[in-house]
Structures are given as C-alpha cells and as structure tokens.
Amino acid sequence: MAEAADIQGTGPSPARRWLRRTITVAFGAPLLAGLLQAPVVAAPTATAEDGTGSRTVDVSLDTLTPSAPVAGDTVTVTGTVTNRGKKAVTDATVNLRVGPRMTSRSEIEQVTGRTGFRNDSDPAPLEDAPVVKIPKLGAGLSSEFSLSVPVSELGLDEEGVYQLGVSLTGQTPDRQYDRVLGIERTFLPYQPEATEKKTQVAYLWPLIASAHVSAQTATDDQQTPVFEDDALAAELRPGGRLDELVSLGKNLPVTWVVDPDLLASVDAMANGYRVKDGDLDVPGKYQAVAERWLDSLEKAVQGHKVVALPFADPDLASLAHRGKDVPGSLGHLQSATALAGMTVETVLHVPASTDFAWPTDGAVDPSIAAVATSAGADKVIARSDSVRDDLPYTATAARPLGNGSTTAVVSDALLSTAFEGDMVREESSTLAVQEFLAQSLAITLEQPEEQRSIVVAPQRMPTAAQTQAMAAALEGLSGRRWTQPTDLLAAAAAKPDPDASTTVPSGSRYPKALRDQELPVQAFRDMKTTRDELNDFQVVLTQPERVVTPFDNAINREMSTSWRGEARAAAIYRGNVLNHLKNLTEGVQLVDKSDLTLSGRSATIPVTVQNKLLQGVGNLVLRLTSANKNRLEVNGDRYAELPVKVGGGHSQSVKFPASANVNGQVTMTAQLYTEDGTPYGQPMDFTVKVSEITPTVMLVIAGGVLLLVLAGVRMYSQRKRVAARNAEAEDAATAEDDTASEPGQDESGEEESPGDEPVQPSDPTPDTGPESGDPSGTGEKVDR
C-alpha cells in the first residue's frame, strides 16, 4: 500500500499519519534532550524520508554496461548526481543497490513508477562494493560518477530480472546525519545460460514520413513533381531520422514496414524535383541526398521481409469513424492498397507483403477491423492494451479475430511503447533499454517450458534518438539467450494460444485521445469534391493519366495517419489540392463575347473555346441556346450543339447557323458539356441584336438593282451604235485612199492583214478587292 501511494501521488492514510506522529513524539523527546547537550548527533543511517527529502539530489544513470551481463562480466554504471535543493550536500557517497529479484512483469512496471527512496522496498547498499565519495555538492551543482562491480559480487543468485539502484547518501546543514537524498532505479536482466525455449520476437522497423508532395507537376514532359516544402531532405541527410533508421536497421533482425509514398517521394527527389516558392516553384537542391539514401535502403532491405502499408499510410480509424459514410471514401483505401506493392517493388526491387493493416497505436474496434480488411488485408496489427488477454502470462501474438476470417497480430504494449519518450538524454535511453530487456526476459520466464511468439510495433515515426535506443535494445538481445528473432509474416502464421482473447473491443473502449485526433468528416467531403471534379475533368483530356495519377496520389495523402495532431496543416493541404485542380479545369474555357448585331434573316454566330492546357481536349460539346426561339433560332431550334476538340495551347471558333424572325434583342447562352451531359465550366451569356430586312425594303432594293441593270443595257446599246457609225466612216475614208495606192499595201508599203480587228481599250480595274472569307473578330461581327 505504501508503494501504491507513492506511485499514485496520494498521501498516507489518516491512520498512518497518526501512527507517524506518535512515533515522532516517542523518539523526538530523547532526541531533543540530546540536542541540548551536544552540538551534533547523527540520526540512524538511511532513514525513510517523507516529503521530498529523498528527491533532493537527482541521480542520473547515463550508461550501464553490459546491459545483460553473464558470469565473469564486470558491470559498470556511469552517471551524474545533481543537487536540486537550496542547501549544500556534504559527506556524500554514491552506492550501488541490487535486488530483489523480480517475479512478474507487473512488478517491473511498479518499480518503474517509483521515485523517492523507500526503506521498506529498496535494498541496502552492496557490502564491500566500491563507492564514490563526494565531500561537498553545492546547490544546483553536479558531479559525475562511475562504479564498476564484478558480477560475482552483485549477489545474483539465480537467473531473472533484478532491481539495480544507484543512490546518494549524505547530509545537509539542517539535518546533519546520513540519509538517502536521491536514488534512481533500473533493471539488470541476468540469464547466463540460454533458456530451453526462447521467445520469438518480431520487431517492426517503420519507414514512414509525413506527406510532402503536392498534386502539382511541372510543365515538362517528365511531369517533374512539385513538393510543398523541402523538409524531407533534413530527415534523409546523415544523422537525420530516416537516415538513422536505415543505417542502424540494416544490421538488425527486423521486419521493414514501409509507406510506399515515402519511397515514391524520395525516388522523385532522386530524379529531379521542384519545390514551391510562393506562387512559383524552384528546382530542389537535395537530389544527391535522396539518391544516397535510396541506394542505402535498397541494400539494407536485402534478405529481410518487407511489409508495404497502403500508399500514404491512410488513417484507418478516421476512415472507419468519420469517412466510411461519405461516398467513395473506401475506394481511396482500395486504390492505395493496390498501389502499395507495385511501388515498393519498383523502387527497392524486392517483393513486399500487402496483407497487413496497421491502425493507429494498434487500437481496434469492430468498425476499424471491418475497414482495415475491406481493401484485401486479412491481418490487423493490434496492440495488447486494446485486445486484452486476461491471462497470467503473455500470449502468442497471432490469433483469429472476431468471426475468424481476420488474423489479429497483437503487439506487446509495454515493449512497443518502451521508446516513445524523449530519448535525447542518455539516461532516458539507458533506462528504456534496460526495462525493455527486463520485460523480454520476464516474458520468457513466465512459461519457460512453452515457446511463444511476440511482436513489437513501435511508434510510426521514431526520432533519431528513439531509433538509436531501439537499436541498442535489439543489440542487447543479440546474445539470443532468452529470445530469438523472427519476422512479422512468421509471427502472423504462428500457432495461436487457445486461451488468448479473440474478441474485438467495442467502440466505446476506443481511446478518446486517439478519437480526438481523427480527421473530421469534412475532410472526407473535401476529398469527395476533389474526386468528383477530377472525374469530370479527365473525360475531356487526351492524356488523362498525366493529371489523374498526381491527383489520385494527393487524395491518398489527404487521408494519411501523419495528419494526426496537424488539423490546420491537413486542411491547408486539402485546399491546395482542390485549388490546383480548379485552376487546371479553368484552363479550358469560353472566351467572353461582346454584344452582336445580326442584320438579315440568317448568319453564323461564332463562339471561341480556349485551351490553355499543355495537352489537347476533346469529348466536349458546345451548346448555344437562344432565350427567345421566336425571335432568333439556332440551327432551326431553341439550341444547337456542336462537338469541340482543341489542341493544347490553342483556341477553336465554333460557328452556329442562326436565323432571325423578329427584330429585337436576344440573350444567348453558351455552355460546354462533357459527352455524358455533365456541364463543364461556367456558362457564358451575350446579347444578339436582330435588325431584320423587311419585304418592302427588299422590293426597293430589287427595283434599284433592276434599274441599274436596264441602265447598263441601254448604255451598252448606245456604245454599240456609236462604234458601228465610226466603223462606217472609217470604211469610206479607206475607199478614197485606195484610189491613190496599190491594192494590198498601206502607205508605208506593208501588206495589210485582212483578219486584223480594231483594238478596243480594256475595262477599268475594279476598285474593290474580293470578299474575305476569314471569320470576323470575336464579339464584333457575325459571319454570314
């Protein structure tokens, strides 16, 4: 009970407080008498402290080697003691305390939760063991220590897990007697000989990152991807998070669990990429970094099992709780799963299993289990704090779930969460590693005659420091004295424990903290809007794959688990995807027209379609509708439709035949449609003013034309008569001349050709050119 109170932060009970006061009075009177006779009297050593006395000094354990000693080893502990109090500590010693042997996993967990020293549960210092003496430690000051003790002197009588404590005992000016002022505890797993049955451990090694690639691509033939930012490069550089996962994981017995989107993103960087810079995009600078990382990863996964999550690691819980009722949402999961294995094999040249679904933190309920397996995965990676076994031992991870069609692979919660804290400090990492090793040995010793298979599924995106701690823990198991490595596929195929739970937890047991981080329903509605817009757009494209693929991938990224806790960033990403798609669809549009005037009964009305895209568009129909059929008809009806096909970067003028019946203004509406009748883009309205030519006017014009014709005939007749008289006069003059000259010769003596005709002047050149056949300018004239 005292330990429980210390762990939970509750104070002692009223009865205990009364007993403590009684003891204080009983022992306080002699002590007071002694104080009146002597300046200093030492109290009993290592008295249990109330309040914060045993927390005055912070004891930090920075290293413990070896982490799992055997006979003949020497255990060395290094660390730092820091005086957190306001008074100096004097005559201090740093001691090692070993024991007692832990008998269960729960006991290990209880010891982890303790802070201050407790005389009734902490062991005494090792006898005849070396100590570190610190004469004086001022307030706020620190001092380093190192203690080395042979295993033979640690009192490890039998195999098992032992509590190992490092304490500082000293005095303060107000209490000048020795007492424990600080303590830190850890664990020492001791298994000098290999156990007969070793626990099989499948450790998942997650290669997952947040989304960085936008839906936008460059205008080149390669469709160079455009990244939202260049932050991924920091994780790929030497020492970065993803670099540490690869450089450390290559030498460890792990199962690689990969988000294919990460591979696709880094592959895009390695082949040349661009990064958004305001309204522009600029060349990315880390192509070489990406190439180096991909090369290292490809070598690291050789000979290992690789599990591919659905593309972009979709949030299965959000989809199950918020998105499944939005039409089309489950379709995204199916496409993401279909893309997974192909992406991994293309980039890494190794096969990948796509049979596993991994809900956030392994938390499941009936709806999550149903969604997780809806895309073809028949194995769900759960966690033991969700699927709980009411057993005195740790059961094998695999077991049928629910109706038996799905296999649950239940990871161990304590081992899976061992490295979730801040592992930057050496002490944090050391304590986490020792607890991990202790828990793994305790699992084996629970049922040493039975071999079990367990799974460790750590956090999805461990930091570099957390990765280093995880690697240290696996190296601590490398002796294989109580465990042996296996992979996730083998763990999923292991024979289930018949007593293990197969019940899917109810939805009410799903953790509220996780539910609060889920994507909202609006997120899935936004995805549906984008998907609908994309479906309408792709049918008009001559190369739809150039648009569909980038946007499909972007929609998958919108469902990513990495958006948990990043609601604002997720909304911005979704908005950017939809806005970019709208900008593309608006690249195919109708050119605005000014008002037209139609003079006559019939004409053609041109409407121009502009295509600003780099590829051609087709499968479009342009409909021109008259608001007043009685005044102006289009192709003999209220509206007419004509097919549209426009090359990339070009425009097309579509001409509609129109006929007028009555003078006046008519509103015309032009609208593009896809071939299935879906409106495309916004309609365009313009006005046509009809000025009809009446029959009377036509008679007048016809009469005028007739008069002109008659006048022309009369003028022609007159010219013929004048020409005839002139010819007669010339003939008479010629006859007179013939009497003075020889026949057949003119005055010059040359012979005259009897067939020559008099030459007439030619008709004057027309002063107008031929009528132009080119279309009139848009919005100015109507073709007739």
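Note that the numbering runs from 1 along the sequence shown for the chain. Hydrogens, waters and symmetry mates play no part in the numbers below; they use all other heavy atoms, side chains included.
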Donor-acceptor under 3.5 Å ([X] side chain, [Y] main chain):
X	Y	result
His580	Leu578	no
Thr542	Gly616	yes
Tyr286	Ala231	no
Gln652	Lys645	yes
Gln589	Asn611	no
Thr224	Ala218	no
Arg546	Asp221	yes
Trp293	Leu242	yes
Ser626	Leu632	yes
Thr561	Pro314	yes

Q: Look at Lys276 together with Asp229 and state whether they make a salt bridge at an N to O cut-off of under 4.0 Å.
A: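 Looking at Asp229 together with Lys276, the answer is no, because their closest N to O distance does not fall below 4.0 Å.
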
Q. Should the pair Asp261-Arg557 be classified as a salt bridge under the 4.0 Å nitrogen-to-oxygen rule?
A. yes

Can you name the nearest heavy-atom pair linking [X] to [Y], along with the distance?
X	Y	result
Glu291	Ala270	OE2-O, 3.2 Å
Ala375	Thr337	CB-OG1, 3.4 Å
Gln223	Val547	NE2-N, 4.4 Å
Arg631	Val662	CG-O, 3.1 Å
Val275	Val226	C-CG1, 4.3 Å
Ala312	Asp259	N-OD1, 2.8 Å

Q: For residues 325-335, pull every pair meeting side-chain hydrogen bond (donor to acceptor under 3.5 Å, both in side chains), keeping only residues two or more places apart or in separate chains.
A: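 Every candidate side-chain hydrogen bond (donor to acceptor under 3.5 Å, both in side chains) pair involving residues 325-335 fails, so no pair, neighbours aside, qualifies.
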
Q: Provide the full list of side-chain hydrogen bond (donor to acceptor under 3.5 Å, both in side chains) pairs with a residue in residues 347-365, sequence neighbours left out, each pair given once.
A: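 Pairs touching residues 347-365 that pass the test: Glu298-His349, His321-Asp365, Thr360-Arg564, Asp365-Ser367.
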
Measuring only between side-chain heavy atoms, which start at C-beta, is [X] closer than 4.5 Å to [Y]?
X	Y	answer
Val306	Pro351	no
Thr625	Val634	no
Ser214	Asn576	no
Tyr680	Thr585	yes
Val504	Ile368	no
Gln610	Ser651	yes
Val258	Leu262	no
Lys528	Asp532	yes

(Q) Is there a side-chain contact (heavy atoms from CB on, under 4.5 Å) between Arg525 and Arg322? Walk through the geometry before answering. (A) CA-CA 10 Å; Arg525 291 174 180 159; Arg322 314 288 178 94; over 6 Å; no

Q) Just one of Ile605, Thr667, Asn628, Asp595 clears the side chain to side chain contact (heavy atoms under 4.5 Å, CB included) bar with Val688, so which one? A) Ile605

Q | Euclidean distance, Arg531 CZ relative to Glu558 CD, rounded to 0.5 Å | A | 11.0 Å

Q: Could you name each residue pair satisfying ring-ring contact (aromatic ring centres under 6.0 Å, His included) that touches residues 523-550, not counting sequence neighbours?
A: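 Passing the test, one end in residues 523-550: no pairs.
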
Q. If you draw a 6.0 Å radius around CD in Gln682, do more than 12 non-hydrogen atoms from other residues or ligands fall strictly inside?
A. no

Q) Under 3.5 Å, is there a donor-acceptor pair between the Ser560 and Asp313 side chains? A) no

Q: Using distance alone, with no hydrogens and no angle criterion, decide if Asn535 and Gln538 have a side-chain donor and acceptor under 3.5 Å apart.
A: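 Distance-only check passes for Asn535 and Gln538.
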
Q) Passes side-chain contact (heavy atoms from CB on, under 4.5 Å), Val588 versus Val646? Steps please. A) CA-CA 9 Å; Val588 180; Val646 190; over 6 Å; no

